[in-house]
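Below, chain A is the first sequence line, B the second, and so on; all start at residue 1.
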Amino acid sequence: MSDAVPILKIGTTLLVSIQVDLQDDTALQLQEDVAERITRTGARGVIIDISGLEIVDSFIGRMLASVAAVSRVLDARTVVVGMRPAVAITMVELGLSLGGVRTALDVERGLALLAPEHESAEDVLLAAAEREAR
Amino acid sequence: MTTAPVATATATERLEVRADSDVVRVRQLVRAVAQKARLSLVDQTKLVTAASELARNTLVYGGGGDVEVELVTDGRRSGVRAVFSDEGPGIADLDLALTDGWTSGSGLGLGLSGSRRLVEQFSIDTAPGAGTRVEIATWSR
Amino acid sequence: MPAVAPETLAQTLVDHAPTVRAAWLDAAADELRGRTTRGELEREQTDIYDALVDGLRAGGTEVSAEAFDQLRGILADVSAARARLGFTPRETAVGMFALKEGLYALAGSPDAMAGLVPLLRLVDDLGLFTFETFASAREAIISEQAEQLLELSTPVVKLWEGIVAVPLVGTLDSARTQVVMEKLLNTLVETGSTQAIIDITGVPAVDTQVAQHLLKTVVAARLMGAECTISGIRPQIAQTIVALGIEFGDIRTRATLADALVDALREGRRSPAGVTA
Ligand SMILES: Nc1ncnc2c1ncn2[C@@H]1O[C@H](COP(=O)(O)OP(=O)(O)OP(=O)(O)O)[C@@H](O)[C@H]1O
Ligand SMILES: [Mg+2]
């Protein structure tokens, strides 16, 4: 496991924050690390924060798409957040897509996007009880 | 005595491309020169992305090689020129290699065709067995 | 004519500095009366004179020589500053050419005669250099202003919490569309908006390139986690889009800006956070 990219766990979500210019082998390592962490922790969601990335080229783009695809197989949903405007414009011109990955402006919105799916049975029941009480 | 040209071409910087970490170094160098040339943020991002694609091709298909980056000026605009060279197998069918989505390996086949769209000037010199040389340039507005 | 060593030329300038500089200052101050102060001119001329002497001492013979790097730098700064202050090209170059007046004042000194012609030539070249740098500084300013105008003519407005809109008016060319789109995407980040509306009611026609730019913007916004709606597409433009075979696919279009706003509000309630890229 490499520590170039920290993977934090927030509730049932993994937060992967890419803050450094990734070289190809590190990106591949990260892909493996995320998959391993999902199974180990039972995470249901993955947020990849790329607000620190100055470019997304075909290699990184492919890595993001495959993290999402692998996570899906492991029953976790992925949201890519924080892509910079210049990076988005460049990706489109390059002809690169993220192949149906969910995206959000920032981590907070990414968490919100994953939240409903994360409510445990208890959460759902508690919320319903509270509504009743009001 | 002749009239002085306004232009000054700064020293060329050269990097070897032999490992993944070198591709990162190429990106950083191109970014630094693009800032000196005062490219807009979007143009910088496009140029650096193209450089990343081409440096990776040099490494993966060319078996390694080198990259030369320089700040250029025509007296009015400044720009960045980068040349990626290797002595690898060369490209037999250039039209095919420049087709969106065509890859001989396991890539997305977007490196060459995509980076051509990301820069202002793009040219390839290649022949089977004679290596590959890709030259790109982008100018400030 | 035998070439005079640059070192000798430097010495001539140093030996006769008071005479040359006084005549230079007078000539330049005369020409630029009202545009700049004598004190300012004098300071400027001191820098230029010193750099010229240094350059000659370092062996410089041509303006383009490395020995004159510093001098060229000073002249470029002076020209650029003048360009910004709205000086004419003539007013800018004249400050340099006026040094010739200073050199003519040496005509009576036997020890300076040999150096006079090469020095005059050098000053001519420096004047031309000043002129050229002025011209390119001017051009840079003009294109900067054009860009600012472009920005001003395309306001991106925040319509509602989380919703920004850009009403486009007039003919769209490729350059303008690109500027607008970049600004729109930046505004999404700055305002934390997840919905964007591009209203083209005021656009008479689009060509393939412009339509492509609109399309790319929608895709780029999705990569960032925001959704775009295009509103106010005129019938002719709809015809063009179809005739050009441009794939607008799953891009949301609405008849009017109001429709688009209502829709964005509704969408914001349904899924407040993000999109699928
Ligand atoms: N320097 C090179 N030397 C030899 N062949 C090359 C070189 N660069 C590219 N090619 C050939 O051109 C093809 C297309 O290159 P391109 O960069 O477009 O796609 P890719 O590298 O296969 O995938 P991607 O870059 O999208 O991950 C490559 O698959 C390879 O066969
Ligand atoms: Mg490639």
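Of the atoms belonging to S193(C), it is backbone heavy atoms, and not side-chain ones, that fall under 4.5 Å from chain A. In this structure, chain A has no heavy atom under 4.5 Å from any part of Q178(C).
No more than 12 heavy atoms of other residues, nucleotides or ligands lie within 6.0 Å of CD in Q70(C), so this atom counts as exposed by the packing criterion. The number of heavy atoms from other shown groups lying within 6.0 Å of CD (Q236(C)) is above 12.
A 4.5 Å side-chain heavy-atom check between P85(A) and E182(C) finds every atom pair outside the cut-off. Put simply, the side chain of T194(C) reaches to within 4.5 Å of the side chain of R109(A), judged on heavy atoms.
Contact annotation for residues 87-94 of chain A against chain C (heavy-atom separation below 4.5 Å, listed by residue number): A88(A), I89(A), M91(A), V92(A), E93(A).
Note: L223(C) leads V189(C), V219(C), L223(C) in heavy-atom pairs under 4.5 Å with chain A.
Between the side chain of T103(A) and the main chain of M224(C), no donor-acceptor pair closer than 3.5 Å is present.
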